[in-house]
A.B. asks: 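Submitted below is the structure of interest, expressed as structure tokens.
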Amino acid sequence: MKIKILVIEDNKQNLYLASFILEKHGYMVLQARDGRTGIRLARQEKPALILLDIQLPEMDGYAVAQELKRYPALNNIPIVAVTSYAMPGDREKALASGCIGYLEKPINPDTFVSDVEKHLPIQPPGKEAVS
Ligand code: MN
């Protein structure tokens, strides 16, 4: 069974690129274009990891992360902020909201998957440990 990754991102091109790269590496990608949809999908699907854009319409990524963390069933799902904000304090703000990591946009296609996998709590496909 494929590992599910939820991508919450309102920008079509960024969403497409992230999904394309992750699917190419064998992941099942769930897509949400806004925070509310993302939270609903997270609760329904229990993804292994959530990639969260910070600049989102209505509810920003910080608010989304805080709400996700209110559900005990979602508490163990790592949330990685993905943002083009480069203001001092953004990383700290993301971590304070419940994110465990922070990736900067634009996505670098060469390092994106390995950056994501650093935060993945389970072994990525095809990379099972040899016993
Ligand atoms: Mn955005």
Side-chain angles (χ1 to χ4, degrees):
M1 215 171 83
K2 288 186 174 182
I3 297 172
K4 287 186 253 185
I5 295 181
L6 170 60
V7 182
I8 306 175
E9 165 67 79
D10 64 320
N11 180 282
K12 242 183 186 171
Q13 269 143 347
N14 291 339
L15 182 58
Y16 175 82
L17 180 62
S19 303
F20 177 81
I21 297 169
L22 291 168
E23 284 169 356
K24 209 175 103 186
H25 284 79
Y27 294 97
M28 178 190 283
V29 177
L30 309 164
Q31 299 183 334
R33 301 279 302 273
D34 62 79
R36 288 270 159 237
T37 308
I39 291 164
R40 184 172 50 75
L41 269 177
R43 297 184 67 192
Q44 278 171 6
E45 302 284 341
K46 307 275 182 344
L49 182 138
I50 298 169
L51 289 173
L52 176 62
D53 180 27
I54 294 300
Q55 205 170 12
L56 290 168
E58 293 169 50
M59 213 181 162
D60 70 16
Y62 303 121
V64 174
Q66 283 168 354
E67 182 152 342
L68 286 167
K69 287 296 166 190
R70 289 175 44 219
Y71 297 102
L74 306 181
N75 227 300
N76 293 329
I77 302 175
I79 305 170
V80 178
V82 184
T83 177
S84 49
Y85 283 6
M87 297 290 287
D90 282 344
R91 179 185 293 263
E92 290 71 20
K93 211 171 158 187
L95 297 178
S97 308
C99 299
I100 59 155
Y102 183 101
L103 295 181
E104 273 179 28
K105 283 196 275 200
I107 286 171
N108 178 345
D110 296 328
T111 58
F112 180 62
V113 170
S114 64
D115 288 341
V116 170
E117 287 175 348
K118 279 175 204 157
H119 301 290
L120 200 65
I122 41 182
Q123 286 294 320
K127 294 178 188 170
E128 290 81 7
V130 179
S131 54

A.B. asks: Please go through Leu41's hydrophobic cluster and name the other residues, only I, L, V, M, F, W, Y counting, with side-chain heavy atoms under 4.5 Å joining them.
C.D. replies: Leu6, Ile8, Leu30, Ile39, Ile50, Leu52, Leu56, Met59, Val64, Leu68, Tyr71, Leu74, Ile77, Ile79

A.B. asks: If Ile, Leu, Val, Met, Phe, Trp and Tyr residues are connected whenever their side-chain heavy atoms lie under 4.5 Å apart, and connections chain through other members, are Val113 and Val82 in the same group?
C.D. replies: yes

A.B. asks: With the side chain counted from C-beta on, respond yes when Asp90 and Thr83 share a heavy-atom pair under 4.5 Å apart, and no when they do not.
C.D. replies: no

A.B. asks: Can you tell me if Asn76 has over 12 outside heavy atoms packed within less than 6.0 Å of its CG?
C.D. replies: no

A.B. asks: For the CD atom on Gln44, are there more than 12 heavy atoms of other groups (residues, nucleotides or ligands in this structure) within a distance under 6.0 Å?
C.D. replies: yes

A.B. asks: For the CZ atom of Arg40 and the CG atom of Asp34, what is their distance to the nearest 0.5 Å?
C.D. replies: 8.5 Å

A.B. asks: Please enumerate all residues that pass salt bridge (Lys or Arg N to Asp or Glu O under 4.0 Å) together with Lys93, with sequence neighbours excluded.
C.D. replies: none

A.B. asks: Report yes if some heavy atom in the side chain of Val80 is under 4.5 Å from a heavy atom in the side chain of Leu103; otherwise report no.
C.D. replies: yes

A.B. asks: Please give me the minimum heavy-atom distance between Tyr62 and Ala94, naming the atom from each residue.
C.D. replies: CE2-N, 3.6 Å

A.B. asks: So with a 6.0 Å cut-off around CD of Glu92, is the heavy-atom count from everything else above 12?
C.D. replies: yes

A.B. asks: Side-chain contact test, heavy atoms from C-beta onward, threshold under 4.5 Å: evaluate it for Lys105 versus Gln55 and give yes or no.
C.D. replies: no

A.B. asks: Run the numbers on Leu22 and Leu51 for side-chain contact (heavy atoms from CB on, under 4.5 Å), then give the verdict.
C.D. replies: CA-CA 11 Å; Leu22 291 168; Leu51 289 173; 3.9 Å; yes

A.B. asks: If you define the side chain from C-beta out and look only at heavy atoms, does anything of Tyr27 sit under 4.5 Å from Glu117?
C.D. replies: yes

A.B. asks: Measuring from atom CD1 of Ile107 to atom OG of Ser84, what distance do you get when rounded to the nearest 0.5 angstrom?
C.D. replies: 10.5 Å

A.B. asks: Output all residues satisfying side chain to side chain donor-acceptor pair (under 3.5 Å) with Lys69, sequence neighbours left out; order by chain, then residue number.
C.D. replies: none

A.B. asks: Minimum heavy-atom separation for Ala63 and Asp60, please, with both atom names.
C.D. replies: N-OD1, 2.9 Å

A.B. asks: Shared ILVMFWY cluster between Met28 and Ile5, side chains joined below 4.5 angstrom?
C.D. replies: no

A.B. asks: Looking at residues at least two apart in the chain, or sitting in another chain, which of them share a side chain to side chain donor-acceptor pair (under 3.5 Å) with Arg36?
C.D. replies: Glu67

A.B. asks: Do you know the tightest heavy-atom contact between Glu9 and Leu15?
C.D. replies: CG-N, 3.6 Å

A.B. asks: Return the OH to CD distance between Tyr16 and Glu23, rounded to the nearest 0.5 Å.
C.D. replies: 9.0 Å

A.B. asks: Mind checking the CG-OG1 spacing from Asp10 to Thr37? Nearest 0.5 Å is all I need.
C.D. replies: 11.5 Å

A.B. asks: I need the minimum non-hydrogen distance between Pro121 and Ala48, along with the two atoms involved.
C.D. replies: CD-O, 3.5 Å

A.B. asks: Could you identify which residues cluster with Leu95, counting Ile, Leu, Val, Met, Phe, Trp and Tyr as linked when any side-chain heavy atoms lie under 4.5 Å apart, either directly or through a chain of such contacts?
C.D. replies: none

A.B. asks: Any side-chain heavy atom of Asn11 sitting closer than 4.5 Å to one from Asp53?
C.D. replies: no

A.B. asks: Suppose we screen for side chain to side chain donor-acceptor pair (under 3.5 Å). Which residues come up paired with Gln31, at least two apart in sequence or across chains?
C.D. replies: Ser19

A.B. asks: Give the intermediate values and the outcome of side-chain contact (heavy atoms from CB on, under 4.5 Å) for residues Lys12 and Arg33.
C.D. replies: CA-CA 8 Å; Lys12 242 183 186 171; Arg33 301 279 302 273; 3.6 Å; yes

A.B. asks: Nearest 0.5 Å, what's the NZ-NE2 distance between Lys2 and His25?
C.D. replies: 13.0 Å

A.B. asks: Side chains of Phe20 and Val29: does their closest heavy-atom pair fall under 4.5 Å?
C.D. replies: no

